[in-house]
Amino acid sequence: KHVIQDTTFHEFSLNGYPHKISHGDWFAGKGLGVCQIQYQEHIINVFVSHLHAEYSRSHDVYLGHRVMQALEAAQWIKLTCAGADLTIYGGDFNTEPTDVPYTLLRHVGCLNDAWIAANGDGKGGETNATPYNTYTTAQEKLESPMGKRIDYILYTAGPNMRVSSSE
C-alpha cells in the first residue's frame with residue numbers, strides 16, 4: 001500500500017448541452033480527477049479523465065468542448081507537475097492522435113505518449129470501434145477498419161527521474 005497524500009476533482013467548464021438528453025455528457029459532469037501518491041521516496045501525480053464523446057466525426061458539435069477540456073487538463077498538469085517525480089495522465093480522451101485535443105495535451109501539458117514510447121511509430125493501440133468488438137457498427141468498420149485509438153496513458157518525469165515505457 002502507498003500513501004495517498006491528496007486528491008481533488010476539477011469539473012471542466014464545458015461539458016455538453018443539457019438539452020441533449022440522450023448524449024448524457026452534461027449530466028455526467030466530466031472533469032479531471034487528481035491524486036497525489038507517495039511511492040517510497042517519490043511523489044507521483046496521477047490524473048484521470050473522460051473527455052466529451054464525439055458522436056459524429058463528420059458533424060462534431062462537441063469538438064470545441066474536447067479542445068477546452070484538453071486545454072484545462074493540460075494547464076492543470078503543467079502547473080502541478082513541477083513538484084512531482086512522475087506525472088501520469090490516463091483516460092478515454094475521445095480524440096485521435098491527429099486531433100487538436102491530443103496535440104494540446106502533449107504539447108501544453110508536456111506529456112509523452114506511453115504507446116508511442118513503447119512501440120515507436122504510434123501505429124496500433126486501437127481501443128474503440130475495433131473489428132472484434134461486437135458493438136462496432138458496420139459504418140464504423142468502413143470508416144476505421146482497424147478501429148480508433150482514443151484511450152491513452154500519457155506521462156512526464158520530474159527533473160531527477162528517468163522513466164521508460166514498455167509493453
Side-chain angles (χ1 to χ4, degrees), residues 8-35 45-81 86-157 163 165 167:
T8 193
F9 179 79
H10 167 72
E11 187 172 347
F12 292 132
S13 59
L14 284 175
N15 267 320
Y17 303 110
H19 67 280
K20 298 274 191 174
I21 295 169
S22 64
H23 289 179
D25 295 86
W26 185 83
F27 299 101
K30 303 209 177 216
L32 184 68
V34 186
C35 180
N45 286 355
V46 179
F47 294 82
V48 65
S49 65
H50 186 168
L51 303 187
H52 200 294
E54 187 176 71
Y55 294 106
S56 170
R57 185 122 180 120
S58 62
H59 184 66
D60 189 3
V61 297
Y62 297 112
L63 175 60
H65 293 241
R66 284 191 309 286
V67 167
M68 192 65 214
Q69 291 170 346
L71 180 60
E72 285 181 42
Q75 289 174 326
W76 264 70
I77 291 166
K78 183 179 179 180
L79 291 171
T80 60
C81 73
L86 175 63
T87 298
I88 301 169
Y89 180 29
D92 178 348
F93 301 158
N94 283 309
T95 187
E96 295 180 58
T98 56
D99 296 342
V100 173
Y102 174 85
T103 303
L104 284 170
L105 290 169
R106 293 282 315 275
H107 296 285
V108 174
C110 303
L111 296 165
N112 301 299
D113 187 321
W115 179 264
I116 292 173
N119 297 284
D121 60 9
K123 291 188 186 333
E126 291 85 3
T127 57
N128 176 262
T130 58
Y132 55 84
N133 183 337
T134 56
Y135 292 101
T136 300
T137 65
Q139 183 64 33
E140 288 173 321
K141 288 178 184 176
L142 285 174
E143 292 172 1
S144 302
M146 297 307 294
K148 295 180 180 183
R149 184 167 172 247
I150 63 170
D151 303 298
Y152 301 90
I153 298 173
L154 307 177
Y155 69 93
T156 188
V163 177
S165 295
E167 269 191 51

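In what follows, residues are counted from 1 in the order of the sequence shown. Basis for what follows: all heavy atoms, side chains included, without hydrogens, waters or symmetry-related copies. Since the structure is predicted, the reported quantities are computational estimates derived from the model, not experimental observations.
Here the CZ-NZ distance, from R66 to K30, works out to 10.5 Å after rounding to the nearest 0.5 Å. Summarising the geometry, atom CE belonging to M68 is positioned 10.0 Å from atom CG belonging to L104; distances are rounded to the nearest 0.5 Å. Of the inter-residue distances, the one linking L105 atom CG with S49 atom OG reads 7.5 Å to the nearest 0.5 angstrom. Of the inter-residue distances, the one linking F12 atom CZ with L32 atom CG reads 5.0 Å to the nearest 0.5 angstrom. Separating the OG1 atom in T136 from the CG atom in L142 is a distance of 12.0 Å, to the nearest 0.5 Å. Note that CG of L111 is 11.0 Å distant from CD1 of I88, once rounded to the nearest 0.5 Å.
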Test log, rule side-chain contact (heavy atoms from CB on, under 4.5 Å), inputs V34 and H10: CA-CA 8 Å; V34 186; H10 167 72; 5.9 Å; no

N15 and Q69: CA distance, side-chain angles, deciding distance, side-chain contact (heavy atoms from CB on, under 4.5 Å) verdict: CA-CA 8 Å; N15 267 320; Q69 291 170 346; 3.2 Å; yes

W76 and T8: CA distance, side-chain angles, deciding distance, side-chain contact (heavy atoms from CB on, under 4.5 Å) verdict: CA-CA 12 Å; W76 264 70; T8 193; 4.0 Å; yes

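Across all non-hydrogen atoms, the minimal contact from L51 to N94 is O-ND2, 2.7 Å. Across all non-hydrogen atoms, the minimal contact from E54 to D60 is O-OD1, 3.5 Å. Annotation for L14 and G64: closest pair CD1-O, 4.2 Å, computed over non-hydrogen atoms.
S58 is linked by a side-chain contact (heavy atoms from CB on, under 4.5 Å) to S56, counting only residues two or more places apart in sequence or in another chain. Partners of D92 by salt bridge (charged side-chain N to carboxylate O under 4.0 Å, His left out), not counting sequence neighbours: none found. For Q75, there are no side chain to side chain donor-acceptor pair (under 3.5 Å) partners, not counting sequence neighbours. Residues passing the side-chain contact (heavy atoms from CB on, under 4.5 Å) test with V46, sequence neighbours excluded: I37, I44. When the side chain to side chain donor-acceptor pair (under 3.5 Å) test is applied to D99, the partners found at least two apart in sequence or on another chain are R57, T95. Y102 meets the side chain to side chain donor-acceptor pair (under 3.5 Å) test with R106, D113; sequence neighbours excluded. In this structure, W115 has no ring-ring contact (aromatic ring centres under 6.0 Å, His included) partners at least two apart in sequence or on a different chain. Applying the side-chain contact (heavy atoms from CB on, under 4.5 Å) rule to V163 yields the partners L86, Y155, A157, M161; only residues at least two apart in sequence or on another chain are considered. The ring-ring contact (aromatic ring centres under 6.0 Å, His included) check on F9 picks up nothing, with sequence neighbours excluded. The ring-ring contact (aromatic ring centres under 6.0 Å, His included) test applied to F93 returns Y89, Y152, not counting sequence neighbours. Listed by chain and residue number, nothing satisfies the ring-ring contact (aromatic ring centres under 6.0 Å, His included) test with H107 (two or more places apart in sequence, or in another chain).
For the pair C110/I77, no side-chain contact is recorded, criterion being any heavy-atom separation below 4.5 Å from C-beta on.
Atom CG of L63 has more than 12 heavy atoms from other residues, nucleotides or ligands within 6.0 Å.
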Residues 122-134, side-chain donor-acceptor partners within the protein, below 3.5 Å, at least two apart:
unit_1	atom_1	unit_2	atom_2	d
T127	OG1	D151	OD2	2.4
N133	OD1	Y135	N	2.8

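In this structure, H23 has its ring center under 6.0 Å from that of Y62. Between H65 and Y17, the distance separating the two ring centers is shorter than 6.0 angstrom.
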